[in-house]
Protein chains: 2
Amino acid sequence: MNPVKIKSPATIANLVCGFDVLGLALNEPQDLMEVTLSEKPGIRIQHNDIYNLPTVPEQNVAGVALLELMQELDNAVGFDIIIEKHIKPGSGLGSSAASAAGVVVAANHLLGNIFSKEDLVRFAMAGEKLASGVKHADNISPCIYGGITLIRSIFPLDIIALPAPPMYVSVVHPQIEVKTSDAREILRKEVLLKDAIKQWGNIAGLVAGFMQNDYGLISRSLEDVIIEPVRSMLIPGFDEVKKRSMDAGALGGGIAGSGPSIFMLCKEENAAKKIEAIMKDIYNNMALAYHTYVTTINNKGITISQEL
Amino acid sequence: MNPVKIKSPATIANLVCGFDVLGLALNEPQDLMEVTLSEKPGIRIQHNDIYNLPTVPEQNVAGVALLELMQELDNAVGFDIIIEKHIKPGSGLGSSAASAAGVVVAANHLLGNIFSKEDLVRFAMAGEKLASGVKHADNISPCIYGGITLIRSIFPLDIIALPAPPMYVSVVHPQIEVKTSDAREILRKEVLLKDAIKQWGNIAGLVAGFMQNDYGLISRSLEDVIIEPVRSMLIPGFDEVKKRSMDAGALGGGIAGSGPSIFMLCKEENAAKKIEAIMKDIYNNMALAYHTYVTTINNKGITISQEL
């Protein structure tokens, strides 16, 4: 059978005030994958990158997602997978989601699109469980649906695609390690009701701002009084990046997923580039390795880039 | 000077998952007020109803709201007010908001519309502070703006009018007393993070559902895992009203403000009437006095009904 080549985008979960329920897909970076349907049962994974990720399917996020999908099939089929990661694992930019979602989207295409997008999110969540210990869909959903998605509920799964106006996204990935499981553990199990009220006022404002193309409302709503004050302590330079980005015209921003990447949303490309320069300046001064991106919202999600 | 006559609507604060930030205006019941601008300084209040509310301006919610407005005026003017309340105080249907908002809207009209709607909300909140001890705007805002409003923030004030599809509202007011201050005191100061996440997923879904005219999403999002489980214990019959209303086709519903009124949203008038009959049946069986309404969303807010 012929292979299918796909591009699977980086994603930003949480979006400041939407912890565990909002996510956004980026046009950069994107992973590349080549997936071939085979009559030979089983999953064979090759890596075409520097990250030395597991090739045993049961230990690989793409592998377990695909195993989850294959449980639904009547026929014994197999898949050969070549993964070329451009989204660095542990960046906070949805690297595991890109692998898990990418492979099930590719497999579904090869199988004649027998599964719904919602099915695919469900399969891919098995990969997230392997990566972080918890089934979550706030990277998987925007990766598959594109744009900005709300995951109102995981059990049962309820995904809502939210229209939004064009925005630029400046991202810096300071090359330090923040494990998702650690970032989750430092959160308090209880929060003040008054803070929770502020947070749900903000997420309601953010959703309304997206849907009404109201950049001012988006900006005012991009405030996180619960997670960011705790997690930002794990990211050197966070406060300075945020303060100087806001001064340079960012609408708002914060920690990408559980970090360490930091993102800033902008209305204008100019501001987004200025903010990238600020990010570089800050981590150059700290002599900390980093990578930056200036990109836009990816409204397509995973794309089939080439069929041979 | 000529008096102005206004109608000031009942409102439902919280809207299930939007505690302290969402509110909705109703077409029924509505208070009537007649306000006259006078050269004789001071505020003179008369009541044309059975509720025996205070007439001293400093002790009357309309009086303190109007005093707040008058502080902004350069000239010493006075107002004569006749209030005919149809929204029973303590019903949970925004009775104090209707008085406080009604009088400042009427006064602003008489003064040549010198204040913005936001200013008027700010003045009227003084009335809410007198009534419940806390400045809140989730009844005041829909009363003045009409429709459904989000109060993203009170300090600084940030009110967003949310478009929504047509809906019917069934309301029952069981004639028991639930003081707003008591209803606030029984709430825990801390909530579980996982419950807060559920709540902000729901409010995000509800806002998206309103703006996309998606009745299914509205229905799925009308869930309150934080306030209702505690407060509903203060309202006899609540669980039965809710269960039987949902079975009869309600989209969802819950406690109106801090209660004791209960409201149910419906897509169809038939269902709303069936639910009213269910509400009557339940409180007849409990031998508890009650009042019911079947009404719609009031998109105009306070209206000037007649100028003499």
Side-chain angles (χ1 to χ4, degrees), chain A residues 14-15 17-22 134 136-138 148-164 184 187-212 214 216-227 230, chain B residues 14-15 17-22 134 136-138 148-164 184 187-212 214 216-227 230:
Chain A
N14 300 345
L15 286 186
C17 55
F19 182 66
D20 267 6
V21 304
L22 288 179
V134 188
H136 63 101
D138 44 356
I148 297 174
T149 56
L150 166 67
I151 301 93
R152 192 193 62 80
S153 156
I154 293 207
F155 305 108
L157 199 54
D158 193 1
I159 300 166
I160 299 108
L162 299 176
R184 210 162 260 277
L187 298 178
R188 296 183 50 220
K189 302 274 174 296
E190 299 214 319
V191 299
L192 290 173
L193 176 59
K194 74 178 178 56
D195 288 340
I197 293 168
K198 230 179 186 177
Q199 199 88 347
W200 65 60
N202 278 326
I203 192 172
L206 187 61
V207 170
F210 286 152
M211 297 179 74
Q212 293 178 329
D214 183 337
L217 178 55
I218 291 169
S219 182
R220 298 195 300 279
S221 303
L222 283 169
E223 176 195 33
D224 172 5
V225 297
I226 291 183
I227 312 298
V230 181
Chain B
N14 301 344
L15 285 185
C17 56
F19 180 67
D20 266 5
V21 303
L22 288 179
V134 188
H136 64 98
D138 44 355
I148 297 174
T149 57
L150 165 67
I151 301 93
R152 193 194 61 80
S153 157
I154 292 207
F155 306 108
L157 198 55
D158 193 2
I159 299 165
I160 300 107
L162 299 175
R184 208 161 261 278
L187 298 178
R188 294 183 51 220
K189 300 276 174 294
E190 299 215 319
V191 299
L192 289 173
L193 176 59
K194 74 176 178 56
D195 288 341
I197 293 168
K198 230 178 186 177
Q199 200 87 347
W200 65 59
N202 279 327
I203 191 172
L206 187 61
V207 170
F210 285 151
M211 295 179 74
Q212 294 178 330
D214 183 337
L217 179 54
I218 291 169
S219 182
R220 299 196 300 281
S221 303
L222 284 170
E223 177 194 31
D224 173 5
V225 296
I226 292 183
I227 312 297
V230 181

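Heavy-atom basis, side chains included; hydrogens, waters and symmetry copies ignored. By convention in this document, chain letters (A, B, ...) are assigned in the order of the sequence lines, proteins followed by strands, and residues within each chain are numbered from 1.
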Using heavy-atom distances under 4.5 Å, tell me whether [X] contacts chain A through its side chain, its backbone, both, or neither.
X      : value
B:N202 : both
B:L22  : neither
B:I160 : side chain
B:L206 : neither

Just give me the residue among [options] that pairs up with chain A most often, heavy atom to heavy atom, under 4.5 Å.
options                        : value
B:K198, B:Q199, B:R220         : B:R220
B:P156, B:A204, B:G209, B:A196 : B:A204
B:L217, B:V207, B:V191         : B:V191

How close do [X] and [Y] get, counting heavy atoms only, and between which atoms?
X      : Y      : value
A:L162 : B:A208 : CD2-CB, 3.8 Å
A:F19  : B:W200 : O-NE1, 3.1 Å
B:L150 : A:G205 : CD2-N, 3.4 Å
A:Q212 : B:A161 : NE2-O, 3.6 Å
B:R152 : A:G201 : CG-O, 3.2 Å

**Request:** Please look at A:I154 and chain B and tell me whether the side chain, the backbone, both or neither of the residue comes under 4.5 angstrom of a heavy atom of that chain.
**Result:** neither
**Side chain / backbone / both / neither for A:D158 at chain B, heavy atoms under 4.5 Å** = side chain
Rounded distance [0.5 Å steps], [atom1] in [X] versus [atom2] in [Y]:
X      : Y      : atom1 : atom2 : value
A:D195 : B:E190 : CG    : CD    : 9.5 Å
A:E223 : B:S153 : CD    : OG    : 8.0 Å
A:I203 : B:I197 : CD1   : CD1   : 10.5 Å

